[in-house]
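Inspection log for the structure reproduced underneath, given as structure tokens.
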2 protein chains.
Amino acid sequence: MELLFKNISRYISLLEKERDLISSYWIVKHLERGEHLLEEGSICRYDAFVLEGSLKGYIIDPVSGKEEIIFLAISDWWASDLESFHNQTGSKMNITAISPTTVALISRSSFNELLEKLPKLERYFRIILQNYATALLMRMYFRNAQDAKSRYKAFLMKYPALNAQIPQYLIASYLGISAEMLSKIRAQKDL
Amino acid sequence: MELLFKNISRYISLLEKERDLISSYWIVKHLERGEHLLEEGSICRYDAFVLEGSLKGYIIDPVSGKEEIIFLAISDWWASDLESFHNQTGSKMNITAISPTTVALISRSSFNELLEKLPKLERYFRIILQNYATALLMRMYFRNAQDAKSRYKAFLMKYPALNAQIPQYLIASYLGISAEMLSKIRAQKDL
DNA sequence: TAAATAAATTGAACTGGTTCAAGAAATAAT
DNA sequence: ATTATTTCTTGAACCAGTTCAATTTATTTA
């Protein structure tokens, strides 16, 4: 939980008793490799902050049955289906542990209650969403504007920690390229 | 400005004097067709809310010199380079009026001051950013998971107003396909 | 309303990346 | 340790969508 406080403290300052208040709203949960945090069709009951391990968020193509990676999350990242969590509607997404993982969870009702009791958290969430939206916009741009190799190079620069922890075929899908293509790119000597 | 209040009121309630306070922080500006709101390299000084008309946000490819549409914005939408605005750093983006356009502008310092005086606006911005991030994630997903035709069909369903107001070649770029391809898709009878 | 400019269309040649298939290497389970 | 499973690699055939080029249609502007 220390990790979450540290993350929040980057944007707003917290008093001792505010930390305690925040703490009381969260549940820590452990997931085995392959265990689901969210399954397609069900409602995203919890917003998750990753304390340790790694998760993948993905959509299964109804035709080919293939996983399309939507996001990857490791320690110090958030992982949930924003839409499903906030509207409490059925999710199109699956979230599954890639490796043994520990997450801090908060339910929708707790989330609302916590924000009412501690309105300055609105600011924290506003800022991290701002950063998230910026990152997403660039990720989308790069998918069309740059070829597979440049995208992988940019990914290596930006997320070395992800590259080290996540299997290559999932990174390929995250980048919007086939696993075979990424393998061929990595085989090239001029990276 | 009434449009902005209406937009905000969808998520939080505003008192008469709060509206007045908000009003005092905004500048209304008119842009001619082709006029720039933001140019690559310069700092995004204002966050813009579109009152009337249409804007395009785009990045010019350094190699081909082609415009890559990042976003399209019409009446009742926000339009700015979030990253450049919040960090006051040089932008990679251009924002230009597609047609004669009226925008409401707020500077970074006014934005901060306004949020301090009226903290409940944090909540408004948090929620619209949440929705924005959700929309972006889906837009990115569709670019890889669906073919050009399905993307255009989904676009027609989701943004009929955009389709009616924006030239076809800009919509093509927004969807991540060539103008020629979109022309061919539209020529097909089974849309 | 005519000339100039911008936008849309169409066809042919091309290509970056996919898909399929089959084997090798690495990792996990017993 | 050995087996089972998952991940990675490599090559060949293929294709959705691009690029280029030339023409038509629509929209501005003087």
Side-chain angles (χ1 to χ4, degrees), chain A residues 31-35 53-54 56 58 61 63-69 72 96-101 141-156 162-191, chain B residues 31-35 53-54 56 58 61 63-69 72 96-101 141-156 162-191:
Chain A
L31 297 167
E32 291 308 321
R33 172 174 198 271
E35 204 176 332
S54 51
K56 57 181 177 183
Y58 56 102
D61 187 288
V63 180
S64 69
K66 268 177 138 184
E67 288 183 13
E68 189 82 25
I69 297 294
L72 294 169
T96 306
I98 299 171
S99 57
T101 297
Y141 166 68
F142 281 125
R143 279 202 175 197
N144 270 279
Q146 306 209 167
D147 65 14
K149 189 171 172 179
S150 311
R151 255 139 74 200
Y152 179 60
K153 278 160 89 172
F155 173 82
L156 283 182
L162 272 186
N163 186 59
Q165 286 179 57
I166 311 279
Q168 200 171 302
Y169 75 103
L170 293 177
I171 291 172
S173 175
Y174 173 87
L175 292 172
I177 60 183
S178 66
E180 293 91 336
M181 189 67 218
L182 183 51
S183 174
K184 282 162 192 167
I185 289 167
R186 294 212 343 152
Q188 290 171 231
K189 276 167 195 151
D190 60 325
L191 276 178
Chain B
L31 297 166
E32 291 308 321
R33 173 173 197 272
E35 205 177 329
S54 51
K56 58 180 176 183
Y58 56 101
D61 186 290
V63 178
S64 69
K66 269 177 138 183
E67 285 183 10
E68 188 83 24
I69 298 294
L72 295 169
T96 307
I98 299 172
S99 56
T101 298
Y141 165 68
F142 281 124
R143 280 204 173 194
N144 270 278
Q146 306 210 168
D147 65 13
K149 188 170 172 182
S150 312
R151 254 139 74 200
Y152 178 60
K153 279 161 86 173
F155 173 82
L156 283 183
L162 272 185
N163 186 60
Q165 285 179 58
I166 311 280
Q168 200 172 300
Y169 75 105
L170 293 177
I171 290 172
S173 175
Y174 173 87
L175 292 173
I177 60 183
S178 67
E180 293 91 335
M181 189 66 217
L182 183 51
S183 174
K184 282 163 194 168
I185 288 167
R186 293 214 340 152
Q188 292 171 228
K189 276 165 198 152
D190 60 324
L191 274 178

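This structure is a prediction, so every number in the text was calculated from the model and none was measured. Numbered from 1 within each chain, the chains take letters A, B, ... in sequence-line order.
Remark: A:S183 pairs with no residue by the side chain to side chain donor-acceptor pair (under 3.5 Å) rule, at least two apart or across chains. With sequence neighbours left out, B:E67 forms a salt bridge (charged side-chain N to carboxylate O under 4.0 Å, His left out) with B:K56. Residues passing the ring-ring contact (aromatic ring centres under 6.0 Å, His included) test with B:F142: none are found, sequence neighbours excluded. For B:Y58, there are no ring-ring contact (aromatic ring centres under 6.0 Å, His included) partners two or more places apart in sequence or in a different chain. Checked against side chain to side chain donor-acceptor pair (under 3.5 Å), B:D147 has the following partners two or more places apart in sequence or in another chain: B:S150. Partners of A:T101 according to the side chain to side chain donor-acceptor pair (under 3.5 Å) rule, which considers only residues two or more places apart in sequence or in another chain, do not exist here. Every residue two or more places apart in sequence or in another chain was checked for a side chain to side chain donor-acceptor pair (under 3.5 Å) with B:E35, and none qualifies.
Counting to the nearest Å, the P atom of D:dA16 and the CD atom of B:Q146 are 15 Å from each other. Atom CZ of B:R143 and atom C1' of C:dG17 are 17 Å apart (whole Å). Rounded to a whole Å, the CD atom of B:Q188 is 12 Å from the P atom of C:dT9. Following rounding to the nearest Å, A:I185 (CD1) and C:dG16 (P) show an atom-to-atom distance of 12 Å. In this structure, CD1 of A:I177 is placed 12 Å from P of C:dT19, rounded to the nearest angstrom. Nucleotide C:dA8 holds its C1' atom 13 Å from the CD1 atom of B:I171, rounded to whole Å. A straight line from OH of A:Y152 to C1' of C:dG17 spans 17 Å, rounded to a whole angstrom. Between the CG atom of B:N144 and the P atom of C:dT19 there is a distance of 11 Å, rounded to whole Å.
Scanning both residues, B:L72 and B:I98, for their nearest heavy atoms gives CD2-CD1, 4.1 Å.
For the helix from C:dT1-D:dA30 to C:dT30-D:dA1, the axis fitted to the five pairs at one end and the axis fitted to the five pairs at the other end meet at an angle of 70° (nearest 10 degrees).
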Exercise for review: Begin from the C-alpha positions of B:Y152 and B:N163 and carry the test side chain to side chain contact (heavy atoms under 4.5 Å, CB included) through to its verdict.
Suggested key: CA-CA 10 Å; B:Y152 178 60; B:N163 186 60; 3.6 Å; yes
For nucleotides 2-14 of chain D, 5' to 3', base contacts (B), sugar-phosphate-only contacts (S) and non-contacts (-) with protein non-hydrogen atoms under 4.0 Å give ----SSSBBBB--
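A:G34 comes within 4.0 angstrom of no nucleic acid atom, judged by non-hydrogen atoms across all strands.
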